[in-house]
Amino acid sequence: MSVTNGAAEGYSHLIGEHPLIQKITQLVRKVATTDATILIMGESGTGKELIARAVHALSPRVDRPFIPVNCGAIPAELLESEMFGHERGAFTGAIGQRAGMFQLANGGTIFLDEVGEMSATLQVKLLRVLQDREIRPVGADRVFKVDVRVLAASNKDLAAEVEEGNFREDLFYRLQVIPIVMPPLRERRSDIPLLTSHFLEKHNRKRSGRPARIAEEAMVHLWEYDWPGNVRELENLLERLVILSEDGLIGVEHLPPSMRSFISEKKIPRPTLGEDGLDLNTAVEEFENRLIEEALRRTKGNKQAAARLLGLKRTTLVAKLRRRRGTDADDEQEVSE
Ligand SMILES: Nc1ncnc2c1ncn2[C@@H]1O[C@H](COP(=O)(O)OP(=O)(O)OP(=O)(O)O)[C@@H](O)[C@H]1O
Ligand SMILES: [Mg+2]
């Protein structure tokens with residue numbers, strides 16, 4: 001499913017068919033039309049900004065500005081005037097009067113990225129803006145009404161930051177009227193092939209010559225990898241591989257060594273005979289199950305092909321599956337994560 005609306009600048013489609021993403025897509029559609037404040041949380045590269053842009057693009061504010069403010073990148077002493085503007089002479093260097101991001105976003109949406117980085121003083125000021133919908137520029141003796149929809153994002157667990165006393169609890173609740181938690185890519189591996197084709201196509205389009213495609217075995221590696229940098233890491237890797245691919249086929253040998261060693265270490269940890277010994281039957285069964293699962297995954301659930309990979313007859317594999325699951329193994333084998 002994808003949220004489509006190309007009207008907003010810099011907005012691109014949210015790709016994903018995993019139930020977690022579909023749920024988020026539905027939620028985005030529902031809340032986009034309101035003015036509710038949204039707090040988007042998730043690891044780096046999971047698509048938090050993409051969601052914020054989608055909300056704006058699907059909202060009635062689409063023709064008004066979308067203003068992103070990276071609260072983590074702007075020095076604390078400048079952030080207040082960046083956000084709310086300042087009067088002439090408000091501080092050293094404040095030569096003229098200047099509008100802040102909230103004024104620029106008037107009628108539109110402001111996106112407070114890395115909101116967890118905001119200083120305690122500024123947190124109080126932001127809370128007041130959210131309550132009263134008015135801002136006070138630095139050095140001004142009066143306030144101004146603003147009509148701005150506020151979206152915020154954080155890759156920190158803000159609830160934990162509240163626990164630790166680093167983030168105001170009242171502000172946290174004001175921000176997360178609608179909370180959206182972006183799942184890490186490793187928790188929705190079934191979207192990896194889809195995202196891979198999307199990014200391959202996107203980056204193939206940018207260059208001439210034979211379009212790059214990915215070998216089956218390399219795809220298995222992409223599936224198995226844990227992606228600490230999430231979708232951004234996947235896109236960056238594919239962009240690089242497309243540029244470097246010569247004969248058009250991206251194989252395992254083209255993947256970064258760190259990824260290849262991650263996979264070989266991850267695969268089938270060997271059971272060891274510890275101090276207390278081990279249960280041989282259970283260990284053998286686990287070992288067998290892992291290999292069967294891997295074979296099914298690699299063959300996208302095709303039992304005939306999986307049996308071939310394992311040097312078994314199809315009927316033997318089916319019997320093993322039936323025993324393992326205690327169900328009718330002729331049901332379609334689901335390729336799960
Ligand atoms: N579901 C998705 N479909 C398509 N592209 C995606 C998806 N999720 C993320 N991307 C792409 O991955 C990149 C990173 O996404 P984005 O900048 O929204 O992540 P982020 O959560 O804001 O990361 P950070 O915390 O590092 O700022 C962008 O180029 C974005 O377009
Ligand atoms: Mg971001």
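Just follow the structure's listing: the first ligand is 1, and inside any ligand the first atom is 1.
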**Q.** Option nearest atom 16 (P) of ligand 1 (shortest heavy-atom distance, choices Gly16, Gly47, Gly42)
**A.**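 Residue with the shortest heavy-atom distance to the ligand atom: Gly47.
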Q. Which option, Leu50, Thr25, Leu14, owns the non-hydrogen atom nearest atom 18 (O) of ligand 1?
A. Leu50
Given side chains that start at C-beta, do those of [X] and [Y] come closer than 4.5 Å, heavy atoms only?
{"X": "Arg174", "Y": "Leu127", "answer": "yes"}
{"X": "Trp227", "Y": "Leu234", "answer": "yes"}
{"X": "Leu112", "Y": "Met83", "answer": "yes"}
{"X": "Glu286", "Y": "Asn289", "answer": "no"}
{"X": "Asp191", "Y": "Ile21", "answer": "yes"}
{"X": "Thr46", "Y": "Leu185", "answer": "no"}

Can you list the ligand 1 atoms lying under 4.0 Å from a non-hydrogen atom of [X]?
{"X": "Asn155", "answer": "25 (O)"}
{"X": "Phe199", "answer": "5 (N)"}
{"X": "Glu235", "answer": "29 (O)"}
{"X": "His13", "answer": "3 (N), 4 (C)"}

(Q) Looking at ligand 1, is there an atom of it that comes within less than 4.0 Å of some heavy atom belonging to Asn230? (A)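 Under 4.0 Å: no for Asn230.
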Looking only at N/O atoms, are [X] and ligand 1 under 3.5 Å apart anywhere?
{"X": "Arg188", "value": "no"}
{"X": "Lys48", "value": "yes"}
{"X": "Asp113", "value": "no"}

Q: Fit a plane to each ring of Tyr225 and Phe262, take the angle between them on a 0 to 90° scale, and name the class: parallel (under 30°), tilted (30 to 60°) or perpendicular (over 60°).
A: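 Judged by the thresholds at 30° and 60°, the geometry between Tyr225 and Phe262 is perpendicular.
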(Q) Below 30° counts as parallel, above 60° as perpendicular, anything between as tilted: where do the rings of Phe199 and His203 land? (A)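 The rings of Phe199 and His203 sit tilted, inter-plane angle from 30° to 60°.
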Q | Proximity to ligand 1 by part of Leu195, non-hydrogen separation under 4.0 Å | A |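 Answer for Leu195: side chain.
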